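Let me begin by presenting the structure, written as structure tokens, before commenting on it.
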Amino acid sequence: MTERNMLFRQVLGSFATGVAIVTTRHDDEYFGLTINSFTSVSLEPMLIQINIAKHTTSHEYILESGHFVVNILAEDQQLLSTIFSGAPPAERFKHVETWETKSGGPVIEGSLAFIDVKLVRTYDGGDHTIFLGEVTDMRNLREDAPPLIYYRGKYARLEGGADQSSGSA
């Protein structure tokens with residue numbers, strides 16, 4: 001990695017993000033990986049975007065299945081985030097309980113919320129693919145836990161609770 005690439009990663013790390021695990025089902029097998037590159041795109045229609053590195057196993061299976069689930073992680077799911085970002089793909093679902101959405105995508109038990117998504121379009125994004133998807137189902141699952149946050153290359157915590165916000169972005 002070049003010095004400029006390292007600086008780019010460091011600067012982008014100054015933007016705190018939530019952490020999610022994107023899952024999909026392909027040929028009756030589950031695949032998934034940890035992401036922090038996720039955003040809402042549109043309310044009408046409801047669209048979201050994720051960005052997945054092209055070299056990952058899950059990348060191809062999301063393309064082939066045409067569906068994915070964004071599992072928004074709670075602070076107490078840090079270990080799962082680590083497992084889904086580093087363990088071999090075949091090992092990842094051995095450490096978690098799941099249930100399926102109507103589309104058959106796996107929801108990770110204990111997540112704050114999930115968003116079930118139908119893939120609408122893909123765009124080239126350099127070493128990543130930009131996946132644009134339409135929300136087909138979603139649900140808040142836990143109101144009792146803070147989110148898992150990633151900041152400057154480490155997991156971080158909200159101080160003072162999430163209810164102290166004074167406005168919207």
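Position 1 is the first residue of the sequence; numbering continues from there. It should be emphasised that the depicted structure is a prediction, and the values quoted were computed from it without experimental measurement. Side-chain atoms are counted along with the backbone in the values below, which use heavy atoms only and exclude waters and symmetry mates.
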How far apart are the closest heavy atoms of [X] and [Y], and which atoms are they?
X	Y	answer
Ser58	Leu33	CB-CD2, 3.4 Å
Ser37	Asn51	OG-ND2, 2.5 Å
Pro89	Thr57	CG-OG1, 3.7 Å
Ile149	Ala16	CG2-CB, 4.1 Å
Pro147	Leu158	CD-CD1, 3.8 Å
Pro45	Ser42	O-OG, 2.8 Å

Does [X] use its side chain to pair, donor to acceptor, with the backbone of [Y] at less than 3.5 Å?
X	Y	value
Ser111	Ala113	no
Arg92	Phe31	no
Gln77	Ala74	yes
Thr129	Ile52	no
Asp116	Thr136	no

In Å, rounded to the nearest 0.5 Å, how long is the span from [atom1] of [X] to [atom2] of [Y]?
X	Y	atom1	atom2	answer
Asn140	Ile72	CG	CD1	8.0 Å
Asn36	Tyr151	CG	OH	14.0 Å
His128	Lys54	NE2	NZ	10.0 Å
Glu109	Leu141	CD	CG	8.0 Å
Glu60	Thr24	CD	OG1	12.0 Å
Thr122	Leu63	OG1	CG	6.0 Å

Check the side chains of [Y] and [X] for a donor-acceptor pair under 3.5 angstrom, ignoring hydrogens and angles.
X	Y	result
Tyr30	Glu100	yes
Ser81	Tyr150	no
Thr101	Ser103	yes

Same cluster (ILVMFWY, side-chain, under 4.5 Å), [X] and [Y]:
X	Y	result
Phe38	Val19	no
Leu80	Phe93	yes
Val69	Ile108	no
Ile62	Ile115	yes
Ile21	Ile35	no

Name the atoms and distances for all side-chain donor-acceptor pairs under 3.5 Å in residues 4-11, with sequence neighbours left out.
| residue | atom | partner | partner atom | Å |
| --- | --- | --- | --- | --- |
| Asn5 | OD1 | Thr2 | OG1 | 2.6 |

Exercise. Within a reach of under 6.0 Å around NZ of Lys118, are more than 12 heavy atoms found that belong to other residues, nucleotides or ligands?
Worked result: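 Atom NZ in Lys118 is not crowded, with 12 or fewer foreign heavy atoms closer than 6.0 Å.
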
Problem set entry | Ring centers of Phe84, His95 separated by less than 6.0 Å |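 For Phe84 and His95, the ring centres are not under 6.0 Å apart.
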
Exercise. Can you name the salt bridge (Lys or Arg N to Asp or Glu O under 4.0 Å) partners of Asp144, sequence neighbours left out?
Worked result: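 Asp144: salt bridge (Lys or Arg N to Asp or Glu O under 4.0 Å) contacts with Arg142.
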
For this session: Check the pair His59, Phe131 against side chain to side chain contact (heavy atoms under 4.5 Å, CB included), reporting the backbone distance first and the verdict last.
Result: CA-CA 10 Å; His59 178 277; Phe131 290 88; 3.8 Å; yes

